[in-house]
Amino acid sequence: MKISNLTKYFSALVAAIFIQGCATGPPAPQVDMSSYSKAAPGMAGVYFYQWKTGIYGSSSDVKFVLDGRVLGRINTGEWIYMEVPEGKHNYRLSGGLFPIDIPHQFNAGQNYFFIGQLSGFEDSVVWINDAEKIKDVISNMESGRYKRRSSN
């Protein structure tokens with residue numbers, strides 16, 4: 001049975017609605033990031049990183065899109081830090097022909113971690129809300145396994 005484009009689009013829409021409910025869940029875990037950053041008053045810190053995958057995924061940068069605006073780009077094994085105003089913003093979960101944006105609440109003084117990757121030739125960005133995964137990311141940043149990208 002061949003799946004039509006309309007069915008694929010509808011499935012992606014249903015998945016986005018389901019994920020949207022999940023994305024407004026618990027607040028970000030509190031992990032000590034004082035050695036890296038302290039957001040300016042009224043701002044939230046955003047760490048955006050990509051697993052080190054070697055040549056796979058290195059052909060194109062992954063973009064972090066917030067409220068329709070590209071705030072940063074990274075490639076395999078890189079990370080960047082950005083600050084965003086406190087409040088509810090939409091981040092781009094996936095790009096492509098039918099981009100999916102997810103609302104997310106950013107609280108002043110908190111840091112948020114997002115992982116980016118190429119998925120089917122499209123950017124894919126996911127909020128990380130697991131303290132152990134965040135500690136692994138910090139460890140990779142501290143060891144130099146993940147390199148800070150100096151410019152976007």
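How far CZ of Phe98 is from CD of Glu122: 10.0 Å, rounded to the nearest 0.5 Å. Here the CD atom belonging to Gln105 is positioned 9.5 Å from the CD atom belonging to Gln110, to the nearest 0.5 angstrom. Expressed to the nearest 0.5 Å, how far CE of Met141 lies from CD1 of Ile134 amounts to 11.0 Å. Remark: Ile138 CD1 to Ser143 OG distance equals 12.0 Å, nearest 0.5 Å. Interatomic distance, Ile74 CD1 to Arg148 CZ, rounded to the nearest 0.5 Å: 12.5 Å. Remark: Arg92 CZ to Ile100 CD1 distance equals 10.0 Å, nearest 0.5 Å.
Side-chain contact check for Phe106 versus Val46: some heavy-atom pair is nearer than 4.5 Å. For the pair His89/Pro103, no side-chain contact is recorded, criterion being any heavy-atom separation below 4.5 Å from C-beta on. In this structure, the side chains of Asp101 and Tyr91 stay at 4.5 Å or more apart for every pair of heavy atoms. Phe48 is listed as a side-chain neighbour of Met82, based on a closest heavy-atom distance under 4.5 Å. In this structure, the side chains of Phe64 and Val125 come closer than 4.5 Å at one or more pairs of heavy atoms.
The two residues Arg73 and Lys63 make their nearest non-hydrogen contact at NH1-CD, 3.2 Å. The nearest pair of heavy atoms linking Leu118 to Asp123 is CD2-OD1, 3.5 Å.
Side-chain N or O atoms of Asn140 include none that pairs as donor or acceptor with a backbone N or O of Tyr146 at under 3.5 Å. The closest donor-acceptor contact from the side chain of Ser139 to the backbone of Lys135 lies at 3.5 Å or more, if one exists at all. Remark: the backbone N or O of Gly116 is not paired with any side-chain donor or acceptor of Ser124 at under 3.5 angstrom. Tyr112 places a side-chain N or O within 3.5 Å of a backbone atom of Asn107 that can act as its donor or acceptor partner.
Annotation: salt bridge (charged side-chain N to carboxylate O under 4.0 Å, His left out) contacts involving residues 107-121, sequence neighbours excluded, are absent.
Using a 4.0 Å cut-off between charged nitrogen and carboxylate oxygen, Glu78 and Arg149 count as a salt-bridge pair.
Within the hydrophobic cluster formed by Ile, Leu, Val, Met, Phe, Trp and Tyr side chains joined at under 4.5 Å, directly or through other members, Val70 is accompanied by Val65.
Residues that satisfy the side-chain contact (heavy atoms from CB on, under 4.5 Å) test with Lys133, not counting sequence neighbours, are Ile128, Asp130.
Classified by interplanar angle (parallel below 30°, tilted 30° to 60°, perpendicular above 60°), the ring pair His104/Phe114 is perpendicular. The aromatic rings of Tyr81 and Tyr47 sit tilted, their planes meeting at an angle between 30° and 60°.
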